[in-house]
Asker: 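There's a structure below that I have some questions on.
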There are 2 protein chains.
Amino acid sequence: MTPQLDTVFAALADPTRRAILAMLLEDDMAVTDVAEPFEMSLAAISKHLGVLTAAGLISQEKRGRVKWCKLEPDAMREASVWMQGFGQFEAINLDAFERFLENELDP
Amino acid sequence: MTPQLDTVFAALADPTRRAILAMLLEDDMAVTDVAEPFEMSLAAISKHLGVLTAAGLISQEKRGRVKWCKLEPDAMREASVWMQGFGQFEAINLDAFERFLENELDP
DNA sequence: CCGTTATTCAACCATTTGGTTGACGTTTCG
DNA sequence: CGAAACGTCAACCAAATGGTTGAATAACGG
């Protein structure tokens with residue numbers, strides 16, 4: 001029903017992928033540089049980046065032989081909104097809350 | 001490094017489990033009643049509830065022959081905080097947000 | 001042109017996940 | 001007591017996940 005939430009939460013469930021996202025928070029990076037701190041093959045990191053891209057959490061742009069990875073923080077919004085319904089905003093009408101956010105965040 | 005985040009996000013990645021959490025937002029429920037709307041065996045739902053319990057997202061208490069499931073919204077906090085680090089809410093119009101909250105919380 | 005760097009692809013493997021079924025232990029109730 | 005309701009357990013299965021290696025593709029640089 002909301003496959004977007006499926007892929008976003010699944011992507012966030014892996015510690016390697018969360019670490020990658022945290023790295024990209026600092027700056028855009030090439031695939032090789034993303035892989036450097038991990039004790040894991042480059043191919044494995046490439047797969048993780050594919051999962052993050054499929055979830056919309058990052059984007060990848062190839063310039064020359066280097067593929068740059070860029071954080072896409074907006075992709076977390078839907079998931080974050082979903083979660084807010086359970087925390088400090090427990091009493092909120094969730095549908096109204098989502099409508100509010102859409103109005104606020106989408107021009 | 002943060003196994004809590006692993007289990008919480010993994011638990012949230014399944015649409016059946018998210019639906020269960022949404023149901024429990026309304027009220028505490030017995031396992032059988034949780035299972036009722038799903039086209040799935042009771043055993044499968046029981047497993048899902050086990051995953052949610054392991055993640056700390058719900059608690060289960062047996063009274064008589066009925067096991068009551070209760071939402072534990074605090075468990076989402078760590079994950080929510082982690083996500084806030086990516087700044088997805090920075091574009092919100094805070095004044096409008098306050099007005100929204102007042103309207104929602106004061107009936 | 002040739003070697004090197006950057007990245008993915010393909011095949012493979014072990015483990016986990018999400019589901020099934022049937023048997024099993026408890027608690028309630030007529 | 002005996003039957004029904006509540007829920008889990010165990011064994012099984014198919015598919016997805018996270019990793020490996022080795023070959024393949026593409027772009028630079030001397």
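Note that the structure is a prediction, hence the values are computed from the model and not measured. Proteins get letters first, then strands, A, B, ... in listed order; numbering begins at 1 in each.
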Asker: Just checking A/A43: base, sugar-phosphate only, or nothing, at a heavy-atom cut-off of under 4.0 Å?
Answerer: base
Asker: Keeping the roles fixed (side chain from B/R17, backbone from B/H48), state whether a donor-acceptor pair exists under 3.5 Å.
Answerer: no
Asker: Could you list the donor-acceptor pairs under 3.5 angstrom formed between side-chain atoms of residues 56-67 of chain B and any protein atom two or more places apart in sequence or on another chain?
Answerer:
from, atom 1, to, atom 2, distance (Å)
B/S59, OG, B/E72, OE2, 2.8
B/Q60, OE1, B/T53, OG1, 3.0
B/E61, OE1, B/R63, NH1, 3.1

Asker: Quick one: are A/P15 and B/L5 in side-chain contact, heavy atoms under 4.5 Å?
Answerer: no
Asker: Looking at B/K67, does any N or O in its side chain come under 4.0 Å of the phosphate oxygens OP1/OP2 on D/dT8?
Answerer: yes
Asker: Mind listing the N/O atom pairs, protein and nucleotides 1-4 of chain D, below 3.5 Å?
Answerer:
none

Asker: What parts of residues 48-63 of chain A reach DNA chain C, counting only heavy atoms under 4.0 Å away?
Answerer: A/Q60
Asker: Nearest 0.5 Å, please: how far is CG in B/L25 from CG in B/L71?
Answerer: 6.0 Å
Asker: Over the length of the helix from C/dC1-D/dG30 to C/dG30-D/dC1, how much do the five-pair end axes diverge, rounded to 10 degrees?
Answerer: 10°
Asker: Can you pull out the residues from residues 32-41 of chain B that lie within a 4.0 Å heavy-atom distance of DNA chain D?
Answerer: B/T32
Asker: Any side-chain heavy atom of A/D28 sitting closer than 4.5 Å to one from A/C69?
Answerer: no
Asker: So B/L24 and B/K70, do their side chains get closer than 4.5 Å, heavy atoms only?
Answerer: no
Asker: Just so I know, are the side chains of A/L12 and A/L21 near enough to count as touching, which here means a heavy-atom distance under 4.5 Å?
Answerer: yes
Asker: Rounding to an integer number of Å, can you tell me how far A/L42 CG sits from D/dG18 P?
Answerer: 17 Å
Asker: Report yes if some heavy atom in the side chain of B/F9 is under 4.5 Å from a heavy atom in the side chain of B/Q4; otherwise report no.
Answerer: no
Asker: Considering only heavy atoms of chain B and a distance under 4.0 Å, specify the first and last nucleotide of DNA chain C in 5' to 3' order that meet this criterion.
Answerer: C/dG18 to C/dT28
Asker: Examine distances only and state if a side-chain atom of B/R18 and a backbone atom of A/W82 form a donor-acceptor pair shorter than 3.5 Å.
Answerer: no
